[in-house]
Amino acid sequence: MKKIVLILCLSIIVSIAASAQTGKISYLHISSYLGSPSDTLQAELNFNGQYAQYVYDRNTYQPAKKEIIENASGQYSIHKSGGKQTDSIGNIVYTDHRNKKMITREMLQSQYFIVPDTVASITWKITGDQKMIAKQSCTKATGNYRGRDYEVWFSPEIPVSYGPWKLSGLPGLIIEARSADGEITFIATHIQIPLPVAETLQVPVNGKPVKDFASFYQLQNKKAEEMGKYMKSMSQTQAIGTSIKLTTKIRRIEKSI
């Protein structure tokens, strides 16, 4: 009889562990780069066993903006954003955690690219600090990923190692994450674990393929340089007799390769 009860208990534990491997988390994906207004996007993390998919920036329309500012010395600076219009698929981070592989779909100057990448082993430092977020008991951890320091809060009560965007690898779901410079923030707004029916997650394919993340990073630099030259040529034809200062900044989450 004891053996039957033990087997039954083990079956229940295995069932709970397996069902906990499916889930859907809604996040606010917020970027607030220096010199630019804050941009808040709706994002969704969906995981199913070894695979996870984070989708954001779907059906977004932002008109182009241009602003010329004169300082006390009579110099002008041009602040220009090209605007964007994203499709219904959006940006995607698709992760195969077991094989440490990642494929992303990212927009660059109105064109989507498919970027092969790897799952980084972030060296997290768990501080032991705790607080309640969205009725979840959370623990603080800090780590660095591609040039940014992050402070995150994860929930050991939800024992999955997933998180927003490319942040993962902790002994619990990442509920909230913020970069130390305040430019990047992720906040969970709704948690559904497990799902009644596991959703099929597909590798993103709608975009121009590049070799790897390093190639895409270099392409971002090249496009920014081209844009800077174009803006400089336009300013010279439109502002004769004035002193123009042009700066071109790449606003991206990853600061390094």
Side-chain angles (χ1 to χ4, degrees), residues 13-33 38 40-56 91-104 117-195 201 213 252-257:
I13 291 171
V14 171
S15 175
I16 291 172
S19 64
Q21 291 302 309
T22 64
K24 183 182 292 185
I25 319 297
S26 298
Y27 287 94
L28 293 180
H29 180 120
I30 306 169
S31 58
S32 182
Y33 299 109
S38 178
T40 301
L41 304 170
Q42 300 294 326
E44 185 176 273
L45 170 68
N46 197 322
F47 55 86
N48 177 6
Q50 75 183 73
Y51 304 106
Q53 186 180 73
Y54 182 81
V55 183
Y56 64 104
N91 289 347
I92 299 173
V93 179
Y94 177 90
T95 306
D96 178 349
H97 283 274
R98 184 177 301 168
N99 295 307
K100 301 295 183 182
K101 293 181 179 180
M102 182 184 295
I103 298 178
T104 67
D117 203 352
T118 56
V119 178
S121 296
I122 302 173
T123 303
W124 293 109
K125 179 182 178 182
I126 299 176
T127 67
D129 296 340
Q130 296 184 337
K131 70 175 180 178
M132 296 295 293
I133 304 176
K135 298 182 180 180
Q136 299 293 329
S137 177
C138 296
T139 301
K140 180 181 173 181
T142 58
N144 181 282
Y145 180 66
R146 286 182 173 163
R148 286 189 192 272
D149 292 321
Y150 288 93
E151 174 186 298
V152 308
W153 293 87
F154 69 95
S155 175
E157 296 176 352
I158 307 176
V160 295
S161 62
Y162 305 113
W165 185 59
K166 299 181 181 181
L167 303 179
S168 63
L170 283 161
L173 178 71
I174 296 176
I175 304 294
E176 184 176 296
R178 300 176 189 275
S179 63
D181 58 12
E183 292 188 341
I184 307 298
T185 303
F186 305 100
I187 303 173
T189 58
H190 181 72
I191 301 171
Q192 185 180 5
I193 300 175
L195 297 178
L201 306 180
F213 175 75
R252 56 189 171 195
I253 302 181
E254 287 128 321
K255 287 186 173 182
S256 62
I257 298 176

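In this structure, the side chains of Glu254 and Tyr145 come closer than 4.5 Å at one or more pairs of heavy atoms. Side-chain contact between Val119 and Met102 is present, with at least one heavy-atom pair separated by less than 4.5 Å. At a threshold of 4.5 Å between non-hydrogen side-chain atoms, the residues Asp117 and Lys166 count as touching. Residues Ser155 and Ile191 are not in side-chain contact: their nearest non-hydrogen atoms beyond the backbone lie 4.5 Å or more apart. Ile253 places a side-chain heavy atom less than 4.5 Å from the side chain of Tyr33. The shortest side-chain heavy-atom distance between Ile126 and Phe154 falls under the 4.5 Å cut-off.
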Could you check Asn46 against Leu195 for side-chain contact (heavy atoms from CB on, under 4.5 Å), going step by step and ending with a plain yes or no?
CA-CA 10 Å; Asn46 197 322; Leu195 297 178; 3.9 Å; yes

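A donor-acceptor pair under 3.5 Å is absent between the side-chain atoms of Trp153 and the main chain of Gln130, judged by distance alone.
Residues forming a salt bridge (Lys or Arg N to Asp or Glu O under 4.0 Å) with Glu183 (at least two apart in sequence, or on another chain): Arg148.
Taking the six-membered ring for Trp and thresholds of 30 and 60 degrees, Tyr162 and His97 have ring planes more than 60 degrees apart, a perpendicular arrangement.
Shortest non-hydrogen contact noted between Ser256 and Gly147 is OG-N, 3.2 Å. Nearest heavy atom pair, residue Asn144 against residue Asp149, reads ND2-OD1, 2.8 Å. The two atoms that bring Ser137 and Pro156 nearest to each other are O-CD, 3.7 Å, heavy atoms only. Shortest non-hydrogen contact noted between Trp124 and Gly169 is CD1-O, 4.0 Å.
Rounded to the nearest 0.5 Å, atoms OG1 (Thr95) and CG (Leu45) are 8.5 Å apart. Distance NZ/Lys125 to OG1/Thr142: 6.0 Å, rounded to 0.5 Å.
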Side-chain atoms of residues 23-31: list all donor-acceptor pairs with protein atoms under 3.5 Å, sequence neighbours left out, distances to 0.1 Å.
from: Lys24; atom 1: NZ; to: Glu199; atom 2: OE2; distance (Å): 2.6
from: Tyr27; atom 1: OH; to: Ile174; atom 2: O; distance (Å): 2.6
from: His29; atom 1: ND1; to: Tyr54; atom 2: OH; distance (Å): 2.9

